[in-house]
Protein chains: 2
Amino acid sequence: MSQNHRDVGHQTETHDWDPELVPDRRGRTRRPEAGCPVEVALAAISGRWTTLVLRELMHGPCSFGDLRGRLPDLSAKILSERLRELTARGLVARERLPGFPVRTRYVLTSTGARLRPLLVQLYETGTVLLDAMAVTPPDAR
Amino acid sequence: MSQNHRDVGHQTETHDWDPELVPDRRGRTRRPEAGCPVEVALAAISGRWTTLVLRELMHGPCSFGDLRGRLPDLSAKILSERLRELTARGLVARERLPGFPVRTRYVLTSTGARLRPLLVQLYETGTVLLDAMAVTPPDAR
DNA sequence: CCGCATCCGATTGGATACTG
DNA sequence: CAGTATCCAATCGGATGCGG
């Protein structure tokens, strides 16, 4: 069930596409295009530290200082940059609480929460790769 | 079932960790560390074009020229760079066939094939994000 | 046909210091 | 407490041309 009709439509196709890997036309790109779902997901988590910031927020709302405390080696500049990006992407919301000193909370949006399965899959895949590497050391060529 | 024992062990912990998100100690890092499974998985697919090259190889073995044909906007330099990286990571194997001109085939290793669920999850997550964006336009702040 | 070498512009990450 | 401003080094992606 792999080699089939090459003879339909206007033969613009160059391939047979695996329907699990590429279920619809948006995945049949010849270049890294912004509209491709894979690129969208990668863009959502792109940038160093981003997955760690998301991990913290998955555990619940955090203030700027909370995040700095949990990720002490992440500079304020980068943290603020990441939070701005995530906010711009609609994955995180900033809540300013009244009073003094200013209190701010960062919370995952419902969209941001939907990244959870991806983070879990990243963890699982990474674990698999680590195990495979242990069996077949990286330089067994 | 969220707030519990903070009083065990030597209280080096700062958190309660979500066991689905962070099943073991390797995920409880304060920095992007090479040993963290999430970093390992991200490193495996890192680099522009990498997921596209993997997508092609998931459909079966390819020669250098096959890949160039399928991804015409990917320059030879970058393609060769990506293939070297993937090979060094143990995800792809290079097979040189005898004869002239030289024939080379690139094939996923069994380890490389295990990236499939990650690529599928990236696609699914991207689709979810695209749908969410359609409902709540990116600039609805 | 299958690549590598060189060069270069753009982007990224980070250290440091400063403000409301 | 919650960030922004500047500056700088390193990395990355890509165009072009050469070699086995």
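Letters A, B, ... are given to chains in the order of the sequence lines, protein chains preceding strands, and every chain is numbered from 1. What's counted below: heavy atoms across the whole structure, side chains too, no hydrogens, waters or symmetry copies.
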Participant: Please list, chain by chain and in numerical order, all residues satisfying salt bridge (Lys or Arg N to Asp or Glu O under 4.0 Å) with A/Arg103, sequence neighbours excluded.
Facilitator: none
Participant: Hey, does the side chain of A/Thr104 come within less than 4.0 Å of D/dG3's phosphate (OP1/OP2), counting only N and O?
Facilitator: yes
Participant: Could you list the residues that satisfy side-chain contact (heavy atoms from CB on, under 4.5 Å) with B/Arg84, not counting sequence neighbours?
Facilitator: B/Ser80, B/Glu81
Participant: Please state how far atom CG in B/Asp73 lies from atom C1' in D/dT16, giving the value in whole angstrom units.
Facilitator: 16 Å
Participant: Sorted by first residue and then second, give each salt bridge (charged side-chain N to carboxylate O under 4.0 Å, His left out) pair with at least one member in residues 40-68 of chain B; sequence neighbours left out.
Facilitator: B/Glu56-B/Arg70
Participant: Whole angstrom is fine here: how far is it from CG in A/Asp66 over to P in D/dC1?
Facilitator: 10 Å
Participant: My understanding is that only residues two or more places apart in sequence, or in another chain, count here; which of them pass side-chain contact (heavy atoms from CB on, under 4.5 Å) with B/Ala43?
Facilitator: none
Participant: With a 4.0 Å limit, can you tell me whether A/Arg105 has a side-chain N or O closer than that to the phosphate oxygens OP1/OP2 of D/dA2?
Facilitator: no
Participant: Take B/Phe64 and B/Leu83 through the test side-chain contact (heavy atoms from CB on, under 4.5 Å) and record every step on the way to the result.
Facilitator: CA-CA 9 Å; B/Phe64 194 89; B/Leu83 289 171; 3.9 Å; yes
Participant: Check nucleotides 4-8 of chain D against the protein and report each pair of N or O atoms closer than 3.5 Å, with its distance, or say if there are none.
Facilitator:
{"from": "D/dT4", "atom 1": "OP2", "to": "A/Ser80", "atom 2": "OG", "distance (Å)": "2.4"}

Participant: Got a sec? Which of residues 40-51 of chain A come in under 4.0 Å of DNA chain D, heavy atoms?
Facilitator: none
Participant: First contact, last contact: which nucleotides of DNA chain C are these for chain A, 5' to 3', heavy-atom distance under 4.0 Å?
Facilitator: C/dG13 to C/dA15
Participant: Of all residues at least two apart in sequence or in a different chain, which pass the salt bridge (Lys or Arg N to Asp or Glu O under 4.0 Å) check with A/Glu95?
Facilitator: A/Arg105
Participant: Under the side chain to side chain donor-acceptor pair (under 3.5 Å) rule, what pairs show up with a residue in residues 115-125 of chain B, not counting sequence neighbours?
Facilitator: A/Asp18-B/Arg116, A/Glu20-B/Arg116, A/Asp24-B/Tyr123, B/Gln121-B/Thr125
Participant: Taking everything shown except A/Arg26 itself, do over 12 heavy atoms lie less than 6.0 Å from its CZ?
Facilitator: yes
Participant: For the residue pair A/His59 and B/Trp17, does the interplanar ring angle fall in the parallel (under 30°), tilted (30 to 60°) or perpendicular (over 60°) class?
Facilitator: perpendicular
Participant: Linking I/L/V/M/F/W/Y whenever any side-chain heavy atoms sit under 4.5 Å apart, do B/Val128 and B/Leu119 land together?
Facilitator: no
Participant: Between the two end axes of the helix from C/dC1-D/dG20 to C/dG20-D/dC1, each built from 5 base pairs, what angle do you get to the nearest 10°?
Facilitator: 40°
Participant: According to salt bridge (charged side-chain N to carboxylate O under 4.0 Å, His left out), does anything in residues 37-46 of chain A pair up with another residue at least two apart or in another chain? List the pairs.
Facilitator: none
Participant: Applying side-chain contact (heavy atoms from CB on, under 4.5 Å), can you list everything that pairs with A/Thr109, at least two apart in sequence or on another chain?
Facilitator: A/Ala93, A/Thr111
Participant: Given atom CD1 of B/Ile78 and atom P of D/dA15, what is their separation to the nearest angstrom?
Facilitator: 9 Å
Participant: Less than 4.5 Å apart, side chain to side chain, heavy atoms only: is that true for A/Arg94 and A/Thr104?
Facilitator: yes
